J.: 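Let me give you the structure first, and then I'll get to my questions.
Predicted model only: the values in this text are computed from it and were never measured. No hydrogens, no waters, no symmetry mates; every other heavy atom, side chains included, goes into these values. Naming: A, B, ... by sequence-line order, numbering from 1 per chain.
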Number of protein chains: 2
Amino acid sequence: MITERKEIQEQRMKGYFIEATKDILKGEGLKNISVRNIAERAGYSFATLYNYFKDVKELVFYCVKDFQTECETHVKERTDKTTRGSKKLKAITKAYLEYFIQYPGIFELFFIEKLSDIGGNQEASALIISFLDRLCEEEWNYCIKNKLTTEKDAVRIKTSLLNATTGLLLLYIHRRHPKDYTEYIKLSGNQIEHILNEIGS
Amino acid sequence: MITERKEIQEQRMKGYFIEATKDILKGEGLKNISVRNIAERAGYSFATLYNYFKDVKELVFYCVKDFQTECETHVKERTDKTTRGSKKLKAITKAYLEYFIQYPGIFELFFIEKLSDIGGNQEASALIISFLDRLCEEEWNYCIKNKLTTEKDAVRIKTSLLNATTGLLLLYIHRRHPKDYTEYIKLSGNQIEHILNEIGS
DNA sequence: CAAATTTAATGAACACTGTTAATATCCCCA
DNA sequence: TGGGGATATTAACAGTGTTCATTAAATTTG
């Protein structure tokens, strides 16, 4: 049918813009995101973008999902063989941090960019806030089941972990604190270790 | 002399623009900061601003210092009579959070706005990063002197505190997490308490 | 005090930003 | 091959930060 072809064509077009947006975010970062910039990289006029997305925020919202799955595979790749329990939770959290350090623009998209106004973006916020918990979910279940921690403690430690990682990344990416990468690695490592050492092993 | 008069006149002019900028930041927030907006509120043309500040970032930099002293008095007012030790550290940290919750625009200025490029703004970053530590400095000294904690632990807990507070504020202000203010207060209270309960009392 | 010179305030302009509406182009089907 | 509907595009608007030439004011000098 015609409608089917339209559909795949439309999805293709969306894909071009999304891919362009993702490229810019991973490369130059959030500050270089602009409708003209995205459209040029996608090979279309800036106005064409508005035939497929109601505004640039909606376009950017699609990137969140993509980056999350990308980050998830990044994390799984380097934590798959880690021994289970607190060790694995540490490894997951560190890999999670690694990803955003590699792509500061994605951190900015996730935690700084204001997507709060419109309806669909409440979904984005929820997706972002729950992301680290989702990455860790299976392992937390393992820890609770094996009595390495209690459900109540787990809830509190999860919150600690989200706050600490968010703070660490914001301070390092936007305020260059600590001064250099090696110091950041040392500091973030210590902090994560300390938070997760509350769990038995 | 002539140069003196020029000096106080120049300082007065700078003051007008700084005051206007501070008003906007405290009111509408960082998103409403614009050269035209500031200048209009100060009662001058936008071009006049550039006779006193090399760019809007420099102008905004002056606000950081002012807000820090304002925040410092806010903190001191409501922690002056608190019993010393970990209790006072908790109170200081909570008052610190209070201030930024009251003025989200100031949090954005401190931790999100990129003032990183130029020379003078490295100073601003240093000022911001060390701010909470400076608010707590006297009390940490007290705790160490009275063997409530060690110097080594203090360093780590300070870092924890900075990361946690920064994360808490960013997530609540930019991602509405937790959903409402009462839940935020409960959550942030728990987190701060837990971090500072490592200190004896 | 008047004239000359320095100083400070400004409006126009430029290069950007996001977004909308009208226009031009393409493609499919009769 | 022509007509019509979908789609890509140009033009325009209102906003952003910043620079520069011009104007107006104040200050110094004769």
J.: When you measure from the side chain of B/Gln9, which nucleotide among C/dG18, D/dT19, D/dT27 comes out closest?
T.: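 Within the option list, the nearest is D/dT27.
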J.: Between B/Ser45 and C/dA9, does any side-chain N or O lie under 4.0 Å from OP1 or OP2?
T.: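 For C/dA9, OP1/OP2 do not have a side-chain N/O of B/Ser45 under 4.0 Å.
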J.: Is the B/Phe110 ring parallel, tilted or perpendicular to the B/Phe67 ring (thresholds 30°, 60°)?
T.: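 Tilted.
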J.: Determine the contact category for B/Phe46: base if any of its heavy atoms lies under 4.0 Å from a base atom, sugar-phosphate if only primed atoms, P, OP1 or OP2 are that close, otherwise nothing.
T.: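 Counting heavy atoms under 4.0 Å across all strands, the contact made by B/Phe46 includes a base.
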J.: Using whole Å, report how far OH of B/Tyr50 lies from P of D/dT18.
T.: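 Checked: the OH to P distance equals 4 Å.
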J.: Base, sugar-phosphate, or nothing: which does A/Ile33 touch, judged by heavy atoms less than 4.0 Å apart?
T.: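 Counting heavy atoms under 4.0 Å across all strands, the contact made by A/Ile33 is with sugar-phosphate only.
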J.: For the pair B/Thr82 (side chain) and B/Thr79 (backbone), establish whether a donor and an acceptor sit closer than 3.5 Å, ignoring hydrogens and angles.
T.: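 Confirmed, B/Thr82 side chain pairs with B/Thr79 backbone.
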J.: Expressed in angstrom and rounded to an integer, what is the separation of A/Asp55 atom CG from C/dT19 atom P?
T.: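 After rounding, the gap between these two atoms is 5 Å.
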J.: When you check the gap from the basic side-chain N to the acidic O, do A/Lys22 and A/Glu19 get nearer than 4.0 Å?
T.: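 Between A/Glu19 and A/Lys22 there is a salt bridge, with a charged N closer than 4.0 Å to a carboxylate O.
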J.: Nearest whole angstrom, please: distance from the P of D/dT9 to the OH of A/Tyr44.
T.: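 So the OH-P distance, A/Tyr44 to D/dT9, works out to 8 Å.
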J.: Do B/Phe107 and B/Tyr103 make the cut of ring centroids closer than 6.0 angstrom?
T.: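 Ring centres of B/Tyr103 and B/Phe107 not closer than 6.0 Å.
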J.: Once you round it to whole Å, what is the distance between C1' of D/dT19 and CZ of B/Arg36?
T.: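 Rounded to whole Å, this separation is 12 Å.
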J.: How is B/Ser34 classified with respect to the nucleic acid when contacts are heavy atoms under 4.0 Å: base, sugar-phosphate, or nothing?
T.: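 Counting heavy atoms under 4.0 Å across all strands, the contact made by B/Ser34 is with sugar-phosphate only.
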J.: Between A/Tyr52 and D/dA8, is there a contact of a side-chain N or O with OP1 or OP2 at under 4.0 Å?
T.: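 Yes, because at least one side-chain N or O of A/Tyr52 sits under 4.0 Å from OP1 or OP2 of D/dA8.
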J.: Looking at C/dT10, C/dG18, D/dA8, which one has an atom nearest to any side-chain atom of A/Val35?
T.: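 Output: C/dG18.
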J.: Roughly how many Å is it from OH in B/Tyr16 to C1' in C/dA8, rounded to a whole number?
T.: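 Roughly 15 Å, once rounded to whole Å.
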J.: Give B/Phe53 one of three labels, base, sugar-phosphate or nothing, depending on what nucleic acid heavy atoms sit under 4.0 Å from its own.
T.: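 No contact.
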J.: Is A/Arg12 positioned over the aromatic face of A/Tyr16, cation under 6.0 angstrom from the ring centre and no more than 45 degrees off axis?
T.: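 Not flagged: A/Arg12 not positioned over aromatic ring of A/Tyr16.
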J.: Can you measure A/Lys54 atom NZ to C/dT19 atom C1' for me and round it to whole angstrom units?
T.: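 Roughly 12 Å, once rounded to whole Å.
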J.: To the nearest angstrom, how far is B/Glu10 atom CD from C/dA8 atom P?
T.: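 To the nearest whole Å, that distance equals 7 Å.
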J.: Please give, in whole Å, the distance from C/dA9 C1' to B/Asn51 CG?
T.: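 These atoms are roughly 7 Å apart.
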